[in-house]
Amino acid sequence: MGALANEFSIPCQWIFPVDALQRTPSVVTSTYTLGKELYDRARGVEFLFRLGSSLGLPSSAMFTAATWFHRFFMRFSMEDYHRQDVAAACIFLATKTEECGRKLRDVARVCQSKITGKDVSHIPAESVEVEQQQTAILLAEEVLLEAICFDFVTTSPHVLLVDLFDAEQVPIQLQDYAWSLAHDSYRTPLCILFSPRVIAAACFVLAQRAADGPHSPSLDARISASPPSASLPTPPSHKPGSPDASRFAIQYFGFNDSELQNLADALSIMLEFYSAQDLQSISHITSPAHSPRPKLYEPFSQLLPAVSAAVNSSSLTPESSHGDTSPSQAPGPPAKPTPKKAARLDLS
(Lines give C-alpha, C1' and ligand atoms only; values in the text may rest on other atoms or scores of the structure.)
Protein backbone atom coordinates (compact mmCIF):
# COMPACT_ATOMS: atom_id res chain seq x y z
CA MET A 1 0.00 0.00 0.00
CA GLY A 2 3.05 2.30 0.02
CA ALA A 3 2.49 3.32 -3.60
CA LEU A 4 -1.11 4.15 -2.77
CA ALA A 5 0.00 6.40 0.08
CA ASN A 6 2.46 8.28 -2.13
CA GLU A 7 0.02 8.64 -5.00
CA PHE A 8 -2.59 10.36 -2.83
CA SER A 9 -0.32 12.32 -0.52
CA ILE A 10 -0.96 16.04 0.03
CA PRO A 11 1.76 18.70 0.43
CA CYS A 12 2.26 19.27 4.16
CA GLN A 13 1.40 22.96 3.87
CA TRP A 14 -2.23 21.94 3.31
CA ILE A 15 -2.48 19.55 6.27
CA PHE A 16 -2.95 21.45 9.53
CA PRO A 17 -2.97 20.08 13.08
CA VAL A 18 -6.42 20.05 14.65
CA ASP A 19 -5.44 22.68 17.20
CA ALA A 20 -4.65 25.10 14.33
CA LEU A 21 -8.41 25.64 14.10
CA GLN A 22 -8.10 27.52 17.39
CA ARG A 23 -5.76 29.99 15.68
CA THR A 24 -7.43 30.76 12.36
CA PRO A 25 -7.54 34.39 11.22
CA SER A 26 -11.29 34.47 11.94
CA VAL A 27 -10.76 33.41 15.56
CA VAL A 28 -7.58 35.41 16.22
CA THR A 29 -8.41 38.71 14.52
CA SER A 30 -12.18 39.00 14.95
CA THR A 31 -15.06 38.25 17.28
CA TYR A 32 -15.62 34.82 15.74
CA THR A 33 -15.60 31.82 18.02
CA LEU A 34 -14.39 28.48 16.69
CA GLY A 35 -17.92 27.10 16.86
CA LYS A 36 -19.26 30.03 14.83
CA GLU A 37 -16.52 29.67 12.23
CA LEU A 38 -17.16 25.94 11.79
CA TYR A 39 -20.88 26.67 11.48
CA ASP A 40 -20.23 29.28 8.77
CA ARG A 41 -17.81 26.97 6.99
CA ALA A 42 -20.56 24.35 6.81
CA ARG A 43 -23.03 26.94 5.50
CA GLY A 44 -20.48 28.21 2.98
CA VAL A 45 -19.86 24.73 1.57
CA GLU A 46 -23.61 24.07 1.47
CA PHE A 47 -24.00 27.28 -0.58
CA LEU A 48 -21.09 26.19 -2.78
CA PHE A 49 -22.68 22.79 -3.44
CA ARG A 50 -26.02 24.38 -4.31
CA LEU A 51 -24.34 26.83 -6.65
CA GLY A 52 -22.35 24.07 -8.35
CA SER A 53 -25.39 21.82 -8.67
CA SER A 54 -27.46 24.59 -10.26
CA LEU A 55 -24.64 25.24 -12.73
CA GLY A 56 -24.57 21.54 -13.61
CA LEU A 57 -20.96 21.04 -12.53
CA PRO A 58 -19.47 17.57 -12.00
CA SER A 59 -18.98 16.50 -8.40
CA SER A 60 -15.20 16.56 -8.80
CA ALA A 61 -15.28 20.31 -9.49
CA MET A 62 -17.40 20.96 -6.40
CA PHE A 63 -15.08 18.86 -4.21
CA THR A 64 -12.08 20.81 -5.51
CA ALA A 65 -13.86 24.11 -4.86
CA ALA A 66 -14.83 23.04 -1.33
CA THR A 67 -11.22 22.14 -0.54
CA TRP A 68 -10.05 25.58 -1.69
CA PHE A 69 -12.79 27.17 0.39
CA HIS A 70 -11.42 25.59 3.58
CA ARG A 71 -7.82 26.42 2.66
CA PHE A 72 -8.79 30.06 2.03
CA PHE A 73 -10.15 30.56 5.52
CA MET A 74 -6.99 29.18 7.11
CA ARG A 75 -5.29 32.30 5.77
CA PHE A 76 -8.01 34.95 5.67
CA SER A 77 -10.80 35.92 8.04
CA MET A 78 -14.50 35.31 7.53
CA GLU A 79 -15.08 38.79 8.86
CA ASP A 80 -13.17 40.25 5.89
CA TYR A 81 -14.52 37.99 3.14
CA HIS A 82 -18.10 36.79 3.03
CA ARG A 83 -18.40 33.02 2.72
CA GLN A 84 -20.77 33.28 -0.26
CA ASP A 85 -18.38 35.45 -2.27
CA VAL A 86 -15.52 33.07 -1.55
CA ALA A 87 -17.67 30.04 -2.36
CA ALA A 88 -18.64 31.61 -5.71
CA ALA A 89 -14.99 32.41 -6.48
CA CYS A 90 -13.99 28.83 -5.67
CA ILE A 91 -16.68 27.52 -7.99
CA PHE A 92 -15.71 29.91 -10.80
CA LEU A 93 -12.03 28.97 -10.53
CA ALA A 94 -12.89 25.26 -10.43
CA THR A 95 -14.84 25.58 -13.69
CA LYS A 96 -11.54 26.58 -15.29
CA THR A 97 -9.19 24.05 -13.73
CA GLU A 98 -11.63 21.13 -13.99
CA GLU A 99 -12.41 21.89 -17.65
CA CYS A 100 -16.12 22.50 -17.14
CA GLY A 101 -16.07 26.17 -18.01
CA ARG A 102 -18.96 28.48 -17.19
CA LYS A 103 -19.23 32.17 -18.03
CA LEU A 104 -18.65 34.59 -15.18
CA ARG A 105 -22.03 36.22 -15.84
CA ASP A 106 -23.78 32.85 -15.57
CA VAL A 107 -22.07 32.09 -12.27
CA ALA A 108 -22.98 35.58 -10.98
CA ARG A 109 -26.64 35.19 -12.02
CA VAL A 110 -27.02 31.82 -10.31
CA CYS A 111 -25.21 33.19 -7.27
CA GLN A 112 -27.64 36.12 -7.12
CA SER A 113 -30.51 33.68 -7.47
CA LYS A 114 -29.30 31.74 -4.41
CA ILE A 115 -28.61 34.89 -2.39
CA THR A 116 -31.93 36.59 -3.08
CA GLY A 117 -34.16 33.51 -3.23
CA LYS A 118 -35.39 34.39 -6.72
CA ASP A 119 -35.58 32.04 -9.70
CA VAL A 120 -32.58 32.57 -11.96
CA SER A 121 -34.93 33.40 -14.86
CA HIS A 122 -35.97 36.49 -12.89
CA ILE A 123 -32.38 37.72 -12.55
CA PRO A 124 -31.63 40.06 -15.52
CA ALA A 125 -28.21 39.32 -17.00
CA GLU A 126 -27.46 43.05 -17.34
CA SER A 127 -28.67 44.10 -13.87
CA VAL A 128 -26.57 46.16 -11.49
CA GLU A 129 -26.71 43.34 -8.94
CA VAL A 130 -25.20 40.85 -11.39
CA GLU A 131 -22.47 43.34 -12.30
CA GLN A 132 -21.67 43.81 -8.61
CA GLN A 133 -21.66 40.06 -8.09
CA GLN A 134 -19.22 39.59 -10.97
CA THR A 135 -16.91 42.17 -9.44
CA ALA A 136 -17.13 40.51 -6.03
CA ILE A 137 -16.31 37.10 -7.53
CA LEU A 138 -13.28 38.44 -9.41
CA LEU A 139 -11.97 40.27 -6.33
CA ALA A 140 -12.39 37.17 -4.19
CA GLU A 141 -10.79 34.99 -6.89
CA GLU A 142 -7.70 37.19 -6.88
CA VAL A 143 -7.26 36.71 -3.14
CA LEU A 144 -8.14 33.00 -3.47
CA LEU A 145 -5.25 32.46 -5.89
CA GLU A 146 -2.94 34.06 -3.33
CA ALA A 147 -4.37 31.98 -0.50
CA ILE A 148 -3.93 28.64 -2.28
CA CYS A 149 -0.52 29.67 -3.71
CA PHE A 150 -1.74 28.80 -7.23
CA ASP A 151 -1.77 25.15 -6.16
CA PHE A 152 -4.83 23.75 -7.90
CA VAL A 153 -4.29 20.05 -7.24
CA THR A 154 -6.63 18.34 -4.79
CA THR A 155 -7.65 14.73 -4.18
CA SER A 156 -11.07 13.71 -2.93
CA PRO A 157 -11.71 10.71 -0.67
CA HIS A 158 -14.28 9.53 -3.22
CA VAL A 159 -11.47 8.37 -5.53
CA LEU A 160 -10.16 6.07 -2.80
CA LEU A 161 -13.64 4.88 -1.89
CA VAL A 162 -14.10 3.66 -5.46
CA ASP A 163 -10.89 1.61 -5.12
CA LEU A 164 -12.13 0.32 -1.77
CA PHE A 165 -15.46 -0.74 -3.26
CA ASP A 166 -13.68 -2.51 -6.12
CA ALA A 167 -11.39 -4.42 -3.77
CA GLU A 168 -14.28 -6.07 -1.94
CA GLN A 169 -17.88 -6.91 -2.73
CA VAL A 170 -19.32 -4.02 -0.76
CA PRO A 171 -23.14 -3.95 -0.46
CA ILE A 172 -24.82 -1.13 -2.36
CA GLN A 173 -26.35 0.31 0.82
CA LEU A 174 -22.94 0.53 2.44
CA GLN A 175 -21.51 2.18 -0.68
CA ASP A 176 -24.30 4.76 -0.61
CA TYR A 177 -23.71 5.48 3.09
CA ALA A 178 -19.95 5.90 2.64
CA TRP A 179 -20.40 8.05 -0.48
CA SER A 180 -22.83 10.37 1.30
CA LEU A 181 -20.56 10.66 4.33
CA ALA A 182 -17.68 11.61 2.03
CA HIS A 183 -19.88 14.40 0.61
CA ASP A 184 -20.67 15.59 4.12
CA SER A 185 -16.98 15.53 5.09
CA TYR A 186 -16.53 18.71 3.04
CA ARG A 187 -18.92 20.54 5.36
CA THR A 188 -16.28 19.95 8.03
CA PRO A 189 -12.59 20.96 7.81
CA LEU A 190 -11.44 17.33 7.46
CA CYS A 191 -9.89 18.01 4.03
CA ILE A 192 -7.35 20.40 5.63
CA LEU A 193 -6.71 18.20 8.69
CA PHE A 194 -6.19 14.69 7.30
CA SER A 195 -5.10 12.88 4.15
CA PRO A 196 -7.69 11.58 1.66
CA ARG A 197 -6.81 8.02 2.77
CA VAL A 198 -7.76 8.76 6.36
CA ILE A 199 -10.97 10.55 5.36
CA ALA A 200 -11.99 7.73 3.00
CA ALA A 201 -11.37 5.14 5.71
CA ALA A 202 -13.33 7.22 8.26
CA CYS A 203 -16.31 7.46 5.90
CA PHE A 204 -16.22 3.74 5.18
CA VAL A 205 -15.83 2.67 8.82
CA LEU A 206 -18.58 5.02 10.00
CA ALA A 207 -20.85 3.84 7.19
CA GLN A 208 -20.18 0.23 8.20
CA ARG A 209 -21.00 0.97 11.82
CA ALA A 210 -24.27 2.70 10.84
CA ALA A 211 -25.26 -0.08 8.44
CA ASP A 212 -24.39 -2.91 10.84
CA GLY A 213 -26.58 -1.57 13.61
CA PRO A 214 -26.20 -0.77 17.32
CA HIS A 215 -25.13 -4.28 18.35
CA SER A 216 -22.21 -4.45 15.91
CA PRO A 217 -18.52 -3.91 16.87
CA SER A 218 -17.74 -0.43 18.18
CA LEU A 219 -15.63 2.11 16.31
CA ASP A 220 -12.78 1.37 18.72
CA ALA A 221 -12.88 -2.31 17.78
CA ARG A 222 -12.99 -1.48 14.09
CA ILE A 223 -9.93 0.80 14.11
CA SER A 224 -7.73 -0.88 16.75
CA ALA A 225 -4.18 -1.77 15.69
CA SER A 226 -5.01 -5.46 16.02
CA PRO A 227 -8.28 -7.41 16.23
CA PRO A 228 -9.70 -7.26 19.78
CA SER A 229 -9.71 -11.06 20.02
CA ALA A 230 -6.12 -11.48 18.85
CA SER A 231 -4.80 -11.90 22.38
CA LEU A 232 -7.46 -14.39 23.47
CA PRO A 233 -6.83 -18.16 23.33
CA THR A 234 -8.67 -19.88 20.52
CA PRO A 235 -9.70 -23.53 20.38
CA PRO A 236 -7.86 -25.71 17.88
CA SER A 237 -9.53 -25.81 14.51
CA HIS A 238 -8.69 -27.03 11.05
CA LYS A 239 -10.62 -24.13 9.53
CA PRO A 240 -8.70 -20.99 8.61
CA GLY A 241 -9.83 -17.86 10.43
CA SER A 242 -12.36 -15.84 8.47
CA PRO A 243 -11.40 -12.25 7.65
CA ASP A 244 -12.98 -9.60 9.86
CA ALA A 245 -15.16 -7.55 7.51
CA SER A 246 -15.48 -4.77 10.10
CA ARG A 247 -11.72 -4.14 9.80
CA PHE A 248 -11.52 -4.34 6.03
CA ALA A 249 -10.68 -0.64 5.48
CA ILE A 250 -7.93 -0.71 8.13
CA GLN A 251 -6.33 -3.75 6.55
CA TYR A 252 -6.73 -2.38 3.03
CA PHE A 253 -4.92 0.89 3.76
CA GLY A 254 -2.38 -0.67 6.14
CA PHE A 255 -2.40 2.27 8.55
CA ASN A 256 0.39 2.79 11.08
CA ASP A 257 -0.25 3.89 14.66
CA SER A 258 -0.09 7.60 13.81
CA GLU A 259 -2.60 7.19 10.99
CA LEU A 260 -4.91 5.18 13.24
CA GLN A 261 -4.88 8.09 15.70
CA ASN A 262 -5.74 10.46 12.85
CA LEU A 263 -8.54 8.11 11.86
CA ALA A 264 -9.94 8.19 15.40
CA ASP A 265 -9.84 12.00 15.36
CA ALA A 266 -11.51 12.17 11.95
CA LEU A 267 -14.31 9.89 13.12
CA SER A 268 -14.87 11.90 16.28
CA ILE A 269 -15.01 15.19 14.33
CA MET A 270 -17.58 13.78 11.91
CA LEU A 271 -19.73 12.50 14.77
CA GLU A 272 -19.43 15.84 16.56
CA PHE A 273 -20.56 17.59 13.36
CA TYR A 274 -23.68 15.42 13.17
CA SER A 275 -24.31 15.82 16.89
CA ALA A 276 -24.20 19.61 16.52
CA GLN A 277 -27.15 19.27 14.13
CA ASP A 278 -28.90 16.75 16.38
CA LEU A 279 -29.05 14.17 13.58
CA GLN A 280 -30.04 11.14 15.62
CA SER A 281 -29.64 8.72 12.71
CA ILE A 282 -25.88 8.72 13.19
CA SER A 283 -24.90 11.03 16.05
CA HIS A 284 -25.81 8.36 18.63
CA ILE A 285 -22.74 6.32 17.64
CA THR A 286 -20.04 6.55 20.30
CA SER A 287 -16.80 8.25 19.26
CA PRO A 288 -13.53 6.33 19.53
CA ALA A 289 -12.23 6.41 23.09
CA HIS A 290 -8.67 7.21 22.03
CA SER A 291 -9.50 10.59 20.53
CA PRO A 292 -9.06 12.88 23.57
CA ARG A 293 -9.27 16.32 22.01
CA PRO A 294 -11.10 19.52 22.92
CA LYS A 295 -14.64 19.89 21.61
CA LEU A 296 -14.84 21.85 18.35
CA TYR A 297 -18.53 22.26 17.54
CA GLU A 298 -21.32 24.13 19.28
CA PRO A 299 -24.97 23.18 18.69
CA PHE A 300 -25.97 24.88 15.45
CA SER A 301 -29.37 25.77 16.89
CA GLN A 302 -27.68 27.95 19.52
CA LEU A 303 -25.49 29.88 17.11
CA LEU A 304 -28.24 31.45 15.01
CA PRO A 305 -31.59 30.45 16.52
CA ALA A 306 -33.59 32.26 13.83
CA VAL A 307 -31.87 30.35 11.02
CA SER A 308 -32.25 26.68 10.17
CA ALA A 309 -29.23 24.44 10.64
CA ALA A 310 -26.60 24.32 7.91
CA VAL A 311 -27.66 20.91 6.67
CA ASN A 312 -31.25 19.83 7.18
CA SER A 313 -33.86 17.78 5.43
CA SER A 314 -35.07 20.71 3.32
CA SER A 315 -31.69 21.92 2.10
CA LEU A 316 -29.72 18.87 1.06
CA THR A 317 -27.92 18.86 -2.24
CA PRO A 318 -28.19 15.65 -4.28
CA GLU A 319 -26.40 12.75 -2.59
CA SER A 320 -25.07 15.13 0.05
CA SER A 321 -25.93 13.82 3.46
CA HIS A 322 -26.23 10.49 5.22
CA GLY A 323 -29.82 9.34 5.28
CA ASP A 324 -30.85 11.25 2.16
CA THR A 325 -31.64 9.43 -1.05
CA SER A 326 -30.37 11.95 -3.49
CA PRO A 327 -24.95 13.71 0.29
CA SER A 328 -0.20 25.19 12.97
CA GLN A 329 0.08 27.91 10.69
CA ALA A 330 0.37 31.61 11.50
CA PRO A 331 -2.67 33.70 10.59
CA GLY A 332 -2.36 35.52 7.29
CA PRO A 333 -2.06 39.32 6.99
CA PRO A 334 -5.18 41.43 7.50
CA ALA A 335 -7.26 41.40 4.33
CA LYS A 336 -9.07 44.20 2.57
CA PRO A 337 -12.81 43.79 2.82
CA THR A 338 -14.74 43.14 -0.36
CA PRO A 339 -17.33 45.76 -1.36
CA LYS A 340 -20.55 45.59 0.61
CA LYS A 341 -23.59 44.45 -1.35
CA ALA A 342 -27.31 44.24 -0.83
CA ALA A 343 -28.64 42.31 2.15
CA ARG A 344 -28.41 38.56 1.70
CA LEU A 345 -30.92 35.88 2.48
CA ASP A 346 -29.36 33.15 4.60
CA LEU A 347 -30.22 30.26 2.32
CA SER A 348 -27.32 28.00 3.19
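K103 NZ: 12 or fewer foreign heavy atoms inside a 6.0 Å radius.
Taking the centre and axis of the six-membered ring of F69, the NZ or CZ atom of R71 falls outside the cone set by 45° and 6.0 Å.
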Pair Q112-K118, side chain to side chain contact (heavy atoms under 4.5 Å, CB included): steps then yes or no
CA-CA 8 Å; Q112 271 295 300; K118 298 178 182 178; over 6 Å; no

CA sep, side-chain torsions, deciding dist, call: S121, D119, side chain to side chain donor-acceptor pair (under 3.5 Å):
CA-CA 5 Å; S121 62; D119 188 273; 2.5 Å; yes

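Residues V128 and L138 do not share a hydrophobic cluster, clusters being chains of Ile/Leu/Val/Met/Phe/Trp/Tyr side chains in contact below 4.5 Å. No path of Ile, Leu, Val, Met, Phe, Trp and Tyr side chains, each step under 4.5 Å between heavy atoms, connects V153 with M62, placing them in separate hydrophobic clusters. The same ILVMFWY cluster, assembled from side-chain heavy atoms under 4.5 Å apart, contains both Y252 and F255.
Aromatic pair H70/Y186: centroids not less than 6.0 angstrom apart. Aromatic pair F72/Y81: ring centres closer than 6.0 Å.
Taking every heavy atom of both residues into account, I223 and L260 meet most closely at O-CD2, 3.4 Å.
The side-chain heavy atoms of F204 and L160, taken from C-beta on, include no pair separated by under 4.5 Å. Looking only at side-chain heavy atoms (C-beta outward), R41 and R187 stay at 4.5 Å or farther from each other. A heavy-atom distance below 4.5 Å is not found between the side chains of L267 and S287. Contact of the P25 side chain with the F76 side chain is not registered, since no non-hydrogen atoms from C-beta on lie closer than 4.5 Å. Between T188 and Y297, the closest side-chain pair of non-hydrogen atoms falls below 4.5 Å.
Between the side chain of S30 and the backbone N or O of V27, no donor-acceptor pair lies under 3.5 Å.
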